[in-house]
Amino acid sequence: VSAPLKVTDCAPFDFETVFHLHYSRIARIIARVVRDPARAEELAVDVFWKLWRSPEAHGDSAAGWLYRTAVREGLYELRRQVRRERYEWLLHLVSRPGTPEEIHAAAEEQQHVRHILAKLDQRKAELLVLRSQGLSYDELGDALGLNAASVGTLLRRAQQAFRREYTKHYGEPYGR
Amino acid sequence: MENRMDDERWVDARLETLDPPEGWRPDPYKAFRRLEQRDRSAAGAAWRRRGVLAAVGISVIGIALLVVPMSQKCAAAGCTDRTPPPTRSFKESGAAAAPVVCEIYTDYQCPACARFYAETVPLLVKEYVETGKVRILHRDLPLPAHPYARLAARYANAAGLLGEYERAANQIFRTQAQWSISGDVESQAAQVLPAETMERVRDLVNHDARLDETVATDLAMAREDGITQTPSLVIVWKGRRQVISGAPDFGLLKGFLDRL
């Protein structure tokens, strides 16, 4: 009688299928943070490129790895944008005309939300962005390496921190 | 509790403003093409790096040739080689001039590899190797999780040195379920190899440390290719190495090869 063989290390990984399954969601997660959809698609391709070059991430955990990497890429980009805007303001370079995407994205509240996400602790920002994209507690746990039981508590703390920071900088928004 | 719900609703309302523009649809097909393009550029850069390494390698070979007379002195002193040094040639099959080389990384104790060998490799041989389109190069990638994979590779490579690689490798994969428990690869190989050959295979497996060199070479290539799982393929075409982690079924592989 033969014992069952372990196949965990040698199960085939179909990259193309994973790509087509997750690409849209990954691009959308990044687009929530970086305002420009075209840039979000570029960064989404970067994320899949990293997956392609990281065989250790292939397998059952690929989805979690993708979400984690996507939200981090998005937040890094957001912080770069915020820094750039600050320097441009200091150098009086803000007078350049905005692209149609920038003009569209210039809605005040959207700007405020993004600035607070850029200031927030990395883990809290990741939780909020992924949750707002509709990830379940289990998916959040997988993506960020958290115990599913503690996701609710951490998410609540992240929401409180976000609200606190937001109101500290911008006050309560109208109508809420 | 009420505060908690309040915070949640309040934050959700703020984050809703981040919804991407209505009507925007990410285009996965365009993105995949972009990814393929990037992979091709990276493969080209890796190939250029290999060119530099090859130049260094040629220099090393040149120096080694100067050292050959020393080994002849060794032979005169009585330290003889019982077998020629292991080469990878026995792991190759197909026309030397085939435009495409398909390198197959496997672990003899990996069930998915055994399936790939039983189901896909014969079709690949029939349709592409026998017609001169593809040359196959087998590579060993024994995974740490499989305690007898290296031993099985030693048996297959020993048989390979004696001209029986295909027969031994096929038998080892076919009987994987039997020897995977006990590690008794020998008795399975003995079922298909002539007694005299088997005697020499045992001798090589037990005494010839150089058998591991072919495995070490393959492991080094796997590291360079970024491969850590089996089965995996590397399709070499026009100087480019396309890694396919996880073995595709024959239909998918055929689609890929026909596009080259």
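- Both the backbone and the side chain of A/L128 come within contact range of chain B, each with at least one heavy atom under 4.5 Å from a heavy atom of that chain.
- Inter-residue side-chain proximity for A/Q159 and B/W10 is flagged as unmet; no heavy-atom pair is nearer than 4.5 Å.
- Rounded to the nearest 0.5 angstrom, B/K30 NZ and A/E41 CD are separated by 6.5 Å.
- Of all heavy-atom pairs between B/L35 and A/V45, the closest is CD1-O, 3.6 Å.
- Contacts of A/Q133 with chain B are absent, with no heavy-atom separation under 4.5 Å from either backbone or side chain.
- Only the side chain of A/V113 comes within contact range of chain B, with heavy atoms under 4.5 Å apart.
- By the 4.5 Å heavy-atom criterion applied to side chains, A/P37 and B/P20 are not counted as neighbours.
- Rounding to the nearest 0.5 Å gives a distance of 7.5 Å between CG of B/D19 and OG of A/S132.
- Environment of CZ in A/R53: sparse, with no more than 12 heavy atoms of neighbouring residues, nucleotides or ligands closer than 6.0 Å.
- B/R14 contributes no side-chain N or O that, together with a main-chain N or O of A/F162, makes up a donor-acceptor pair within less than 3.5 Å.
- Counting heavy atoms from C-beta outward, A/V129 and B/L15 have side chains that stay 4.5 Å or more apart.
- With salt bridges taken as basic N to acidic carboxylate O contacts below 4.0 Å, none links A/R131 and B/D12.
- Ion pairing of A/R157 with B/D7 is absent here, as no side-chain N (NZ or NE/NH1/NH2) approaches a carboxylate O to less than 4.0 Å.
- Residue contact with chain A, scored on non-hydrogen atoms closer than 4.5 Å, involves the backbone and the side chain of B/D39 alike.
- Put simply, the side chain of B/R34 reaches to within 4.5 Å of the side chain of A/E42, judged on heavy atoms.
- Side-chain contact check for A/R32 versus B/E16: every heavy-atom pair is 4.5 Å or farther apart.
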Legend entry - Chi angles and distances behind the salt bridge (charged side-chain N to carboxylate O under 4.0 Å, His left out) call for B/D6, A/R163: CA-CA 10 Å; B/D6 190 39; A/R163 185 171 188 173; 3.1 Å; yes
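- Going from atom OG1 of B/T228 over to atom NE2 of A/H58 covers 7.5 Å, rounded to the nearest 0.5 Å.
- For the set A/S54, A/A31, A/A44, the count of heavy-atom pairs under 4.5 angstrom toward chain B peaks at A/A31.
- Contact of the A/V33 side chain with the B/L18 side chain is not registered, since no non-hydrogen atoms from C-beta on lie closer than 4.5 Å.
- The aromatic rings of B/F32 and A/F15 sit tilted, their planes meeting at an angle between 30° and 60°.
- Minimum interatomic distance between A/D46 and B/R38 (heavy atoms only, all atoms of both residues): OD1-NH2, 2.6 Å.
- Nearest heavy atoms, A/F19 versus B/A31: CZ-CB, 3.7 Å.
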